[in-house]
Amino acid sequence: MVEATKVKLRPLYQWLDDRMGISALMNSALHEAVPEQGGWAYTLGSATLILIALQIVTGIFLTMMYVPSFHESYQSLHYLQTNDLFGAWVRGMHLWGSYTLMLVIGLHMIRTFMTASYKRPRELNWVSGALLFFVVLGLAITGAMLPGDQAAYWTMTVVTNIPHYIPFIGDYIRWLWRGGKFIGPITFTRTYGIHIWLLPPMLLGLIGLHLYLLRRHGEFGAWVNYDTEGPDPDREIAARIAKVEPPYPSRDVDPKFAAPNRTVDFFPNQVFKDTLVSLLLVAVVFVMALLMGAPLDGPANPATLTYVPTPEWFYLPLDQLLVLGPQTWLIAFVVFVIPGITATLFILLPFIDRSPERNPLRRAHIIVPGLFVIFMMVTLSVLGINRLYNL
Amino acid sequence: MAELSRREMLIGTAVGGGAITLMLAGPVVGFLLSPLFTKRRTETAVIGPIDSVPVNTPTPFIARLNEGDGWNIGPIPRVVYVVKYQQVVGPGQPPPTLLVFSNTCTHMQCDVHWDGTFVGAGDPVLNGRFICPCHGGLYLMNGTNIYGPPPSPLPQWVHEVFTGEDGKTYVRIQNDFTEKI
Ligand code: HEM
Ligand code: FES
C-alpha cells in the first residue's frame, strides 16, 4: 500500500515540481538561519501574521451577510446572530481575533523595541511595522463603527466628529467622512469601504515590505545572541561572519552585530515554535468566539435618553484624554498634538536611537520614555474604566 | 519609427504616466469630494402640542426627521428639548423665552439628557443639568455649557412656532442647527 502510494505520488510531485519549482521555493522559504537564543520571543511576528489571515478569512465570510446601511446593518447582523447556524461564531472570531491581534501586535512591538531590533540596517523594518500598527488601529476603529447597534452608532458619531477639531479643514473632513452633516447612509458605505477595501490592501502591501526586509537583513533577535566569549573578540567575530549562513551577515552594520554567534535553521526549529504559539492564540480566539461571541446591542437610536456609550477598550486612552482636555484649543491639543507627536517619534524611533548599543539596560534614555508612554496608556485606561464604571 | 533619445523617451513616459494618473485621480477625487458640493435636502417634522410644558423644565419630544444627506432612508428619531426659559420667576416678569434644543453635545456629539434632580442655589436657571454621558459635560437649562469638555452651548434646532387647527401650539423643526457645532 505504502509502496503503491509512493509510486503514484512521486512522479506527480516531480511533474509539478518541474513546472512550478515547488522544492526550490520551499527551500528558499524555509532554509534560513535564525539566531539560536530567544526564539519564543520571535514568534510574535508570525503570530500577528496568522491572526491577520484569520481576520481576512472571517471578514470575507461576514461580507456574505452584512449590509452596510443605516438600518440594515443591524438587521443583517441580528439575522446572522440568531438565524445563521454558525454566524455568531464567525462574527465572534472576527471580534476576538481583532482583540487578540491588537494585543499580539503590541507585544511584538514591545519586544522589537526592547531588543533594539530597529537599528541599522533594520530601520525600515520598524517604520513599516509602525505604519502597520496604525493601519491595524484604523481597521479596529472602522470595524467597531459598522454593526449598526447602539455601541457602533455612538462610536461612529464620536469618531467621525474628532476631525472637527482640526483647525480650518476639520469640518470638511467630518462632512466628507459622514457624507453629510449627521451620520447617514453615506457614512456607512464610506466607512465600510475604508474597512474592507482601503485598509486591507495597505496592510497586505506593508506586510509584504515588512517580510521582504526581514528576509533581506535576517532576524536580528536580541543582544544575547551577539556576545563574544573568548579573549579575542575581533577574531571570534570574523570567524562567525566567515562561516554564517544566509541571510547573514547583515549589511551596513557594526561587525559585532552582523551575524549571531549561533544560529539554527528556521525550519524546523523556529517554525515549530511559531506554529505552537499561533495555534494557542487561534485556539483562544476560537473558544472565546464560542463562549463570549460578539455583542449586539439594541439597534442604533439617535434619540436615546438613557444609553451610555462606552468606547472600545483600545480606544480608552484617547477617550480619557478627551475628558481631560476641555474647550476647543485644548481639545485640539490633546487629540492631535499629543498623540501626533507621540506617533511621529514612534515611527521615527530608529533615526532617534542610533547608537550601536542593543542591551536595554544600557539604553535607559530610550527605554524609560518608552515605558513612560506605556505607563500613560495604562493609567489613562484605568482612569477611563474607573470613570465609566462610576456612571 | 525614428530613434527616440533617452531624454525624449523619459519625458514621454512621464507625461503619459502623469496623464494616466490624472485621468484616474480626477473622477475619483471628485467623486469623494462631492458631498461638499451637494445641497442638503430641507426636511421638517412637527412636535407638540407644547402648551403643557412647564416653565423652566426642559421637556423631551421626539421628532421623526428625514436625514437630509444621501438617499432617503426614512425618518430618523431625534430628540427635541423644549424649554420655556424664564430667568426670574414671579409676577410682572416678561413671558418665558422658548428654547428648542437638540440633545447633541457640542463636544463629540453624544446624546445629553436632562436631569432635574440637581437643585441650584435659589436661581432657577441653576436647577437641574443637561448631562452628557460620554465625557461628563454639563449644561444649564438655557444651554450654557458650564462644566467639562463641551466647547460651546447646546445647539438649538432651526424651528418655527405655529398654532395648529386645534388652537394648540406646535413647533416645526428643520434638520439643521442654528449654530455650527
Ligand atoms: C501586521 C503587523 C505585523 C506583522 C504581520 C509582522 C510580522 C513580523 C514577522 C513575521 C517578523 C519576524 C519574526 C519576529 O521577529 O517576530 C517581524 C519582525 C520585526 N517586526 Fe514585525 N510585524 C508586524 C508589525 C510590526 C510592528 C507594529 C512593529 C514595530 C513598530 C514591527 C517591527 C518589527 C521589527 C523591528 C522586526 C525585526 C525583528 C528582528 O529582526 O529582531 N512589526 N515582523
Ligand atoms: S460628547 Fe459630550 S462631553 Fe464629550
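Since the model is a prediction, treat every value here as computed from it, not as a measurement.
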When heavy-atom pairs shorter than 4.5 Å are enumerated against chain B, which of A:Asn301, A:Ile183, A:Thr187, A:Val323 gives the highest number? A:Val323
Counting heavy-atom pairs under 4.5 angstrom with chain B, the leader among A:Gly325, A:Pro302, A:Gly384, A:Ser69 is A:Pro302
Against chain A, label [X] side chain, backbone, both or neither, depending on which of its atoms sit under 4.5 Å from a heavy atom there.
X: B:Asn103; value: side chain
X: B:Tyr81; value: side chain
X: B:Arg78; value: both
X: B:Asn72; value: neither
X: B:Leu33; value: both
X: B:Phe177; value: both
X: B:Glu67; value: side chain
X: B:Pro60; value: side chain
X: B:Ile76; value: side chain
X: B:Ile73; value: both

Assess whether side chain to side chain contact (heavy atoms under 4.5 Å, CB included) is satisfied between B:Leu36 and A:Tyr172, documenting all intermediate values. CA-CA 7 Å; B:Leu36 288 180; A:Tyr172 298 113; 3.6 Å; yes
I would like to know whether A:His164 and B:Thr106 meet side chain to side chain contact (heavy atoms under 4.5 Å, CB included); could you show each step before the answer? CA-CA 11 Å; A:His164 165 66; B:Thr106 53; over 6 Å; no
Does some side-chain heavy atom of [Y] sit less than 4.5 Å from a side-chain heavy atom of [X]?
X: A:Val158; Y: B:Cys110; value: yes
X: B:His113; Y: A:Thr306; value: no
X: B:Asn175; Y: A:Lys181; value: no
X: A:Ile162; Y: B:Met108; value: yes
X: B:Cys134; Y: A:Trp154; value: no

One pair to check against side chain to side chain contact (heavy atoms under 4.5 Å, CB included): B:Val79 and A:Leu305. What are the steps and the verdict? CA-CA 8 Å; B:Val79 170; A:Leu305 292 174; 4.0 Å; yes
Please indicate whether [X] has more than 12 foreign heavy atoms, meaning atoms of other residues, nucleotides or ligands, lying under 6.0 Å from its [atom1].
X: A:Phe61; atom1: CZ; answer: no
X: B:Tyr147; atom1: OH; answer: no
X: A:Met65; atom1: CE; answer: yes
X: A:Trp329; atom1: CH2; answer: no
X: A:Trp197; atom1: CH2; answer: no
X: B:Glu160; atom1: CD; answer: yes

Charged N to carboxylate O below 4.0 Å: is that the case for A:Asp171 and B:Lys180? yes
Top contributor to chain A interface from B:Ile131, B:Asn145, B:Ile181 [non-hydrogen pairs under 4.5 Å]: B:Ile181
Any idea which heavy atoms bring B:His135 and A:Leu322 closest together, and the distance? NE2-CD1, 3.8 Å
Check B:Pro133 against A:Pro309 and note the closest heavy-atom contact, atom names and distance. CG-CD, 3.8 Å
